[in-house]
Novice: 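The structure's right below; bear with me while I get my questions together.
Worth saying up front: this structure is predicted, and the values here are computed from it rather than measured. Just the heavy atoms: all of them, side chains too, but no hydrogens, waters or symmetry mates, feed the values below.
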Amino acid sequence: MLLMAQDGALPDTLFGLFFEEINHAGAGGLWAELVSNRGFEAGGPNTPSNIDPWSIIGDESSIIVSTDRSSCFDRNKIALKMEVLCSLDGSNTCPIGGVGIYNPGYWGMNIEQGKTYKVVLHVKSLESFEFFVSLASSDGSSILATTNIVGAASDFSNWRKVEVLLEAKGTDHNGRLQLTRTSKGVMWFDQVSALPTDTYKGHGFRNELTEMLASLKPRFIRFPGGCFVEGEWLRNAFRWKETIGPWEERPGHFGDVWKYWTDDGLGYFEFLQLAEDLGASPVWVFNNGISHNDQVATSTVLPFVQELLDSIEFARGDANSTWGSVRAAMGHPKPFDLKYVALGNEDCGKKNYRGNYLKFYYVLKTAHPDIKIISNCDGSYRQLDHPAHLYDFHVYTSASNMFSMSHKFDGTPRSGPKVFVSEYAVTGKDAGTGSFLAALAEAGFLIGLERNSDVIEMASYAPLFVNANDRRWNPDAIVFDSWRHYGTPSYWMQQFFRESSGATVLNINLKGNSSTSLVASAITWKDGDNNYLRIKIVNFGSNSVSLKISVEGLAPNSVDFTQSKKTVFTSKELMGENSFEEPNKVVPVESLFREAGTDMDVLLAPYSLTSLDLLRQSNTPEIMNIVEDWMYASSV
């Protein structure tokens, strides 16, 4: 079988990330905020309202809580009123530890001994008071950190911001935040936040989850969705202006597609900051006036176009511009490097999409000609009827179909807009909650993207994250709860492609009997002073395969076999999965590759992804071609 491949440079942006607020990926996940419903706004603008997941400590004889519209924040009018009926003495004595309210966060707060947590809250009282801010165990029986706040009525008759640092003296992965007092009185709370002080680069992202993203060396990040951008109805769509500025002033919103409230602490600014922290290009997905159930007419869509222009000024404008000054006030005077805008998500074919898209396109092209505009319409099988720099391609399918799609773009026209495979994954029974079979099929698909990199500009897996307590979609790349995390096989598969962006792709010739179970690619790249050749082969069949690999143009003795490596990704069970209990059950295994050279014999395991990384001497001439002769070795 002969596999032809592009011989040239892979796009610098070939592989990246797609983040959507789904499965509590951000709220209660990547964004390290521990308090859920921190402004008491999730219950809606009318009072009385639901304060879930806040709960009371005590009973009706000792405490009454309610909501009112007394907040000092114009966009977040709901505040919590707490009336304590008991005291330290008298007929109605407060229980030991006092009464008050507590917040369990997102299925428990991860409180770890020795770590410091910053708690910020807004307080109002018409009388002098003392209350306690504490981090406690899940049932409140053990206090892990605490401090008292004493205030005079003259200082707190108007709303006042209070900040404290709490160092945990114990550990509880399902802890909670408590606000308690032991004396009779009335006070109000609003906008209560608790964050660990050791977030990623100090920017509020959960360390270990962000490090998993950084490990993939992503070249772009598409955000904030997905369907999250659209909403079931436009009134619940993501509106960027509501997600910037001081966190206390952000109203939050109910994401009606995935059915949960977000305080929008992870907003437009934070997404841009995340992209910068990861060294990735931001890809801004913008609502073009279309949701799942309602659409803005093209004749009235210009205000939405202006919203997009304002968002670009926020990201890229001078620090003295209207919206650039807002960004600068948030601590980032230097513009962000925003060069990609996607207009809508999966909206092609909807009545107003084409008309709305063209309104956006021509205004944006005139105002910012350097920005690449991404269409929702698939141009892989027919020419688009509208201009675009790239077009979205989404695929969710079975493992066999995904693997067969390694040839999907072989026949795609080589001129016109480039392909952005912005969402791909094996789903359904082949995927489980993240199976090896799914990952292997996806690897074959990505090898096909490498070989067709003259028409493919970007690709990203979806979805990225899932909180194990809120699985809205299966599978996902990274699974977590309040304190644990692991990568599914699809996450580990992407590690094989993290050097591909900006590398040089080479020709591979597979000789031998025709087979539909093998796909391969080869790249070269530099890491500092080191030159590497990586050959990746997916064996999607039940037979072992014996390969003879010849690297044409590689001089004898030019490979350092002492630092060349072989990495094999396989599983005893095709449907094998990782878990909190066995996070490394299905992971790649790396070993020294002493057979590295111009001619190599390699045995491919059934159902496996194999990578051969050859360290080449710096003066090695360019490799011209790779020939692989193969034969079945055995079957299982």
Novice: Should Asn293 and Ser291 be marked as a side-chain hydrogen bond (donor to acceptor under 3.5 Å, both in side chains) after you check the CA-CA gap, both sets of side-chain angles, and the distance that decides it?
Specialist: CA-CA 5 Å; Asn293 290 294; Ser291 77; 5.6 Å; no
Novice: Can a side-chain donor-acceptor contact be found between Trp31 and Asp263 if the only test is distance below 3.5 angstrom?
Specialist: no
Novice: Please tell me whether His386 and Tyr361 form a close aromatic pair, meaning their ring centres lie under 6.0 Å apart.
Specialist: no
Novice: Looking only at the side chains, is there a donor atom on one of Glu346 and His394 sitting less than 3.5 Å from an acceptor on the other?
Specialist: yes
Novice: Is it true that a side-chain atom of Thr67 and a backbone atom of Ser49 form a donor plus acceptor pair closer than 3.5 Å?
Specialist: yes
Novice: Looking at Ser138, is its backbone amide N or carbonyl O close enough to the side chain of Asn174 to form a donor-acceptor pair, meaning the two atoms are under 3.5 Å apart?
Specialist: no
Novice: Find the distance between CD1 (Ile373) and CG (Leu390) and round it off to the nearest 0.5 Å.
Specialist: 10.5 Å
Novice: Quick one: closest heavy-atom pair of Leu126 and Trp188, and the distance?
Specialist: CG-CZ3, 4.3 Å
Novice: For Ile63, which of Leu85, Thr180, Ile57, Ile56 qualifies under side chain to side chain contact (heavy atoms under 4.5 Å, CB included)?
Specialist: Ile56
Novice: Got a sec: does the NZ of Lys350 have more than 12 other heavy atoms crowding it under 6.0 Å?
Specialist: yes
Novice: Side-chain contact, heavy-atom cut-off 4.5 Å: Phe220 with Phe420?
Specialist: yes
Novice: How are the rings of Phe238 and Phe228 set relative to one another: parallel (under 30°), tilted (30 to 60°) or perpendicular (over 60°)?
Specialist: tilted
Novice: Side chains of Ser137 and Asp139: any donor to acceptor distance under 3.5 Å?
Specialist: yes
Novice: Would you check if the side chain of Thr93 reaches a backbone N or O of Gly90 as a donor-acceptor pair within less than 3.5 Å?
Specialist: yes
Novice: Verify salt bridge (charged side-chain N to carboxylate O under 4.0 Å, His left out) between Arg222 and Glu423, making sure each step is shown before the conclusion.
Specialist: CA-CA 10 Å; Arg222 177 182 182 241; Glu423 300 181 31; 3.0 Å; yes
Novice: What about the rings of Tyr268 and Trp284, do their centers lie closer together than 6.0 Å?
Specialist: yes
Novice: Closer than 3.5 angstrom, by distance alone: can the side chain of Asn356 be matched with the main-chain N or O of Val296 as a donor-acceptor pair?
Specialist: yes
Novice: Of the options Phe336, Trp240, Phe269, which is the one that meets Trp323 in a ring pair (Phe, Tyr, Trp, His ring centres under 6.0 Å)?
Specialist: Trp240
Novice: So, does Asn376 use its side chain to make a donor-acceptor pair with the main chain of Asp347 at under 3.5 Å?
Specialist: yes
Novice: For Cys94 versus Ser183, what's the shortest heavy-atom pair and its separation?
Specialist: SG-N, 4.5 Å
Novice: Can you check whether Gln273 reaches His332 side chain to side chain, under 4.5 Å on heavy atoms?
Specialist: yes
Novice: Looking only at heavy atoms, what is the nearest atom pair of Asn148 and Val150, with distance?
Specialist: ND2-CG2, 3.6 Å
Novice: Evaluate whether atom NZ of Lys259 has more than 12 neighbouring non-hydrogen atoms of other residues, nucleotides or ligands under 6.0 angstrom away.
Specialist: yes
Novice: Would you find a donor on one side and an acceptor on the other, under 3.5 Å apart, between the side chain of Asp190 and the backbone of His122?
Specialist: no
Novice: Start with the C-alpha distance between Arg250 and Glu270, add both sets of side-chain angles, then the distance that settles salt bridge (charged side-chain N to carboxylate O under 4.0 Å, His left out), and finish with yes or no.
Specialist: CA-CA 13 Å; Arg250 303 181 190 186; Glu270 287 74 23; 3.0 Å; yes
Novice: Do the side chain of Asp481 and the main chain of Trp483 share a donor and acceptor less than 3.5 angstrom apart?
Specialist: yes
Novice: Between Asn469 and Asn467, does the side-chain hydrogen bond (donor to acceptor under 3.5 Å, both in side chains) criterion hold? Intermediate values first, please.
Specialist: CA-CA 5 Å; Asn469 296 286; Asn467 188 312; 3.0 Å; yes
Novice: Which is it for Gln295 and Tyr353 under the side-chain hydrogen bond (donor to acceptor under 3.5 Å, both in side chains) test, yes or no, and what are the steps along the way?
Specialist: CA-CA 9 Å; Gln295 303 181 37; Tyr353 180 70; over 6 Å; no
Novice: Could you tell me whether the side chain of Tyr117 and the main chain of Leu135 form a donor-acceptor pair under 3.5 Å?
Specialist: no
Novice: Any non-hydrogen side-chain atom of Trp247 less than 4.5 Å from a side-chain atom of Glu33?
Specialist: no
Novice: Any side-chain to backbone donor/acceptor pair from Ser482 onto His173? Under 3.5 Å, distance only.
Specialist: yes
Novice: Would Asp318 and Ser321 satisfy side-chain hydrogen bond (donor to acceptor under 3.5 Å, both in side chains), going step by step from the backbone distance to the final call?
Specialist: CA-CA 5 Å; Asp318 185 271; Ser321 64; 5.7 Å; no
Novice: Would you say the rings of Phe189 and Trp54 are close, in the sense that their centroids are separated by under 6.0 Å?
Specialist: no
Novice: With heavy-atom distances below 4.5 Å as the criterion, would you say the side chains of Pro53 and Asn103 are in contact?
Specialist: yes
Novice: Within a radius of less than 6.0 Å around NZ of Lys201, do more than 12 heavy atoms belonging to other residues, nucleotides or ligands occur?
Specialist: yes
Novice: Can you see whether Glu41 engages Asn76 through a side-chain donor-acceptor pair at a distance of less than 3.5 angstrom?
Specialist: no
Novice: Check whether any side-chain heavy atom of Val479 lies under 4.5 Å from a side-chain heavy atom of Phe580, and answer yes or no.
Specialist: yes
Novice: Is a donor on one side and an acceptor on the other found under 3.5 Å between the side chain of Ser134 and the backbone of Thr146?
Specialist: no
Novice: Taking the six-membered ring for Trp and the single ring otherwise, decide whether the centroids of Phe18 and Tyr461 are under 6.0 Å apart.
Specialist: no
Novice: Might you confirm whether atom CD of Glu60 has over 12 heavy atoms from other residues, nucleotides or ligands at distances under 6.0 Å?
Specialist: no
Novice: When the side chains of residues 154-161 are checked against the rest of the protein, which donor-acceptor pairs come out under 3.5 Å, sequence neighbours left out?
Specialist:
unit_1: Trp159; atom_1: NE1; unit_2: Ser70; atom_2: O; d: 2.9
unit_1: Lys161; atom_1: NZ; unit_2: Glu248; atom_2: OE2; d: 2.8

Novice: For the residue pair Arg239 and Thr243, establish whether any side-chain heavy-atom pair is separated by less than 4.5 Å.
Specialist: no
Novice: Is it true that atom NZ of Lys184 has more than 12 heavy atoms of other residues, nucleotides or ligands lying nearer than 6.0 Å?
Specialist: no
Novice: Hey, are the side chains of Ile51 and Ile101 touching, using non-hydrogen atoms and a 4.5 Å cut-off?
Specialist: no
Novice: Mind checking whether Asp476 and Ile478 have side chains closer than 4.5 Å, heavy atoms only?
Specialist: no
Novice: Could you check whether His368 and Arg316, counting side-chain N and O atoms only, form a donor-acceptor pair closer than 3.5 Å?
Specialist: yes
